[in-house]
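Some notes on the structure that comes next.
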Amino acid sequence: MNNKQETPTPAPRRGNPFPAILWGVLIVLFLNAFVFPLFSPGRITTTDYGTFVEQVNAGKVCEVMIKSGQIYFTARTDEGKTATFRTGAVEDPELVDRLLTASSPNDSGKISFTEVVPEENSPILNFILMWILPGLIFFMLWKQASRSIQARMGAGGNFLSFGNSGARIYADSDVKTTFADVAGQDEAKEALTEIVDFLHNPKKYAEIGATLPKGALLVGPPGTGKTLIARAVAGEAKVPFFALSGSEFVQMFVGMGAAKVRDLFKQASEKAPCIIFIDEIDAIGKRRDSTFGGNDEREQTLNQLLTEMDGFDGRKGVVILAATNRPESLDRALLRPGRFDRRIQMELPDLEGRKAILEVHLAKVKHDEVDLSIVAQATAGSSGAELANIVNEAALRAVRQGRRLVTTSDLEESVETVLAGVQKKHSVLTAEEKHIVACHEIGHALVAALQTDSAPVHKITIIPRTSGALGYTMQVDEGEQVLLSRENLFNRIATLTGGRSAEELVFGSITTGASNDIEQATRLARAMVTRFGMSDKYDMMGLETVNNAYLGGDNSLTCSSETAADIDREVLRIVKEAHGKAREILSSHRAILDEAADYLMQRETITGEEFMRIVRKHTAAA
Ligand code: ADP
Ligand code: MG
Ligand code: ZN
């Protein structure tokens, strides 16, 4: 394939050298005005020709020098000091006679006069001072200015570029991470095992004539272990590991990023077999487009990367791994065969995966018998990084409480800490507020428990958290649901509205405590209409697309504004219906609501078991 077409070199852009020139001029002026006179022999006073003749006649002049129309002379002043004067030379044929005949305070009694300016600096020194020094200072300033301009322009422009990237990239040749450190992610490991094998024995593949993919792209949400697994590949293959993050290529000087890429590949091919890992590659690999003017430095770097990837011999044993959580923003050219053609998906861990990750990290701390399944169930949607953090928080809590082993309750508490914030020690809730919060939380729990499809409750607490949550109902999915039915989703919304419904029933008034519930319920209902095709009205029409799926995902509507307004009505209908359902459930089980809320008020934290006991007592009696 013709490389040139795909990787056009952008025309270099000239920076504005004006400030540098201005600086140079200022420097020369400064030197002439203040510095050079210091090298001259004392101050020179300008005077008129008449004074000069007068002084000569008065016998006060010691020396006279004539140079290019100027007369310099030293004269003895009245105080007995010598001073130097200057005056313009007037057409005066008698001057020489006058000087010869005049008397002088000199030892010889005669004026000594020449036509050369004495005591002038040596020509070489003068040359250095007048030209080389300002030139040097000028150059240094230029360099400095161009650097700061580069920094300000964010690596755009092509003001000055020095061919050397300067920084050497160090290879980590003794990576200790192995696949055992990466829990779950079996599919990713399987895909990478082949690469490990290739790095162990490139010849085996070369003999058959097979070329392994030059690059593999690790894709997935943040914290799923992409960086970790890349290191593990190096650790398993026992080869040097060149790790760089995409942003490190984007340098202050234009051309430096490209130079760094060149350096990197040069060093890597010397050390082959080895792994090059470019983390967060979207920093340089973003799609090139003309609409926003583009970024020269980034594009040059990307072009260099593409060229290098094409240029090196895949059979040598250099494997390039890259990671990103924004695969859709990558340049197409990066993804074509022969470059990052293998894509390895790293997903958020499922129930088993979470358990495995917790185990890996728990093995690093001293712990008691711990029931991990509860923790794993309570952390649906958490990434590996969050789970690692939960284990660490638990260990910290154990230390704070002076214990030597981590217990299950440490882990449970730290789940809440990580997901909802730290407990507020001195809560300022009044008794009435506490009652409201208790009813609100029991409202959620009761609606959840009485709808068959909703997850049972694990724990309810009304201890305020730093995240702003006043209470907290921890729901636990027993199995992991991959598919959610329309009823599941609707019941979830009903559960979310349960808190507010309980407030309405018990107090006849409503509070701000439901704001987070409202947000979540609305989002769910909206997704049902726009993305899951779960409204009768719009059937299976897709009304929204999700961008940046791995980074929270922002949605954009793909329908007309009339439809958008109608979607709002549809969402409102669903939320209202769910709210009505929750109210109905609670009002027909008012006795449970009151008893459980009182119980929670006293205890502040109750387990799902305690709660279910109250529920069962009533439902069995009925
Ligand atoms: P990413 O690069 O995908 O954003 P990292 O690889 O930096 O995520 O993961 C951050 C940390 O999370 C790791 O250092 C590790 O402690 C933990 N972690 C993430 N995924 C896993 C996993 N599958 N197994 C064990 N630990 C994991
Ligand atoms: Mg990472
Ligand atoms: Zn709530």
Side-chain angles (χ1 to χ4, degrees), residues 177-189 192 217-233 243-247 277-283 321-327 344-350 352-365 382-392 418 420 436-448 457 460-462 465 467-475 492-504 510-521 550-551 579 582:
T177 317
T178 65
F179 279 158
D181 295 310
V182 188
Q185 306 292 3
D186 292 330
E187 295 80 9
K189 280 193 219 167
L192 290 167
L217 186 64
L218 298 158
V219 170
T224 44
K226 298 184 294 294
T227 310
L228 185 70
I229 210 169
R231 288 189 71 81
V233 172
L244 270 156
S245 96
S247 58
F277 176 53
I278 305 172
D279 209 351
E280 317 289 350
I281 196 175
D282 42 287
L321 297 177
T324 179
N325 36 37
R326 314 182 49 188
I344 295 167
Q345 209 81 23
M346 305 280 287
E347 291 300 343
L348 287 175
D350 58 7
E352 284 307 309
R354 290 199 297 275
K355 229 179 192 168
I357 293 173
L358 286 167
E359 262 160 24
V360 163
H361 288 279
L362 209 56
K364 296 178 194 159
V365 300
S382 298
S383 68
E386 278 165 329
L387 295 171
N389 190 19
I390 283 171
V391 173
N392 192 48
V418 170
I436 296 175
V437 175
C439 286
H440 180 105
E441 294 306 326
I442 293 295
H444 285 306
L446 195 54
V447 173
V457 203
I460 310 167
T461 142
I462 53 168
R465 300 262 157 188
S467 67
L470 296 176
Y472 185 78
T473 302
M474 192 161 143
Q475 290 195 21
R492 255 181 214 201
I493 298 173
T495 301
L496 285 166
T497 58
R500 165 65 67 85
S501 306
E503 289 178 38
E504 288 167 342
I510 51 183
T511 67
T512 52
S515 59
N516 187 35
D517 302 335
I518 290 170
E519 209 179 296
Q520 287 190 44
Y550 291 134
L551 296 174
H579 190 179

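Atoms within each ligand, like the ligands themselves, are counted from 1 in listed order.
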Does the N or O separation between [X] and ligand 1 drop below 3.5 Å for any pair?
X      : result
Thr224 : yes
Leu228 : yes
Lys226 : yes

Is the closest heavy-atom distance from [X] to ligand 1 below 4.0 Å?
X      : value
His361 : yes
Ala323 : no
Leu387 : no

* Nearest heavy atom to atom 19 (C) of ligand 1 wins, so pick from Gly223, Ala180, Gly184. => Gly223
Under 4.0 Å from any heavy atom of [X], which atoms of ligand 1 are there?
X      : value
Gly225 : 1 (P), 3 (O), 5 (P), 6 (O), 8 (O), 9 (O), 19 (C), 20 (N)
Pro222 : 4 (O)
Asp181 : 24 (N), 25 (C)
Val182 : 23 (N), 24 (N)
Ala183 : 22 (C), 23 (N), 24 (N), 25 (C)
Gly384 : 12 (O), 17 (C), 18 (N), 19 (C), 20 (N)

* Between Leu228, Val219, Ile229, which is the residue that forms a side-chain contact (heavy atoms from CB on, under 4.5 Å) with Met346? -> Ile229
* Looking only at protein heavy atoms, which one is nearest to atom 10 (C) of ligand 1, and how far off is it? -> Ala385 CB, 3.9 Å
Any sub-3.5 Å donor-acceptor pair from [X]'s side-chain atoms to [Y]'s backbone N or O?
X      : Y      : answer
Glu386 : Ser383 : yes
Lys226 : Thr324 : no
His444 : Thr495 : yes
Ser501 : Thr497 : yes
Arg500 : Ala514 : no
Gln185 : Glu347 : yes
Glu503 : Thr511 : yes

* Contact check: Asp517 to the Zn ion (ligand 3), N/O/S below 2.8 Å -> yes
* Just heavy atoms, cut-off under 4.0 Å: does Thr227 contact ligand 1 by side chain, backbone, both, or neither? -> both
* To do: Check the side chains of His440 and Asp517 for a donor-acceptor pair under 3.5 angstrom, ignoring hydrogens and angles.
  => yes
* **Under 3.5 Å side-chain donor-acceptor pair for Ser245 and Glu280** => no
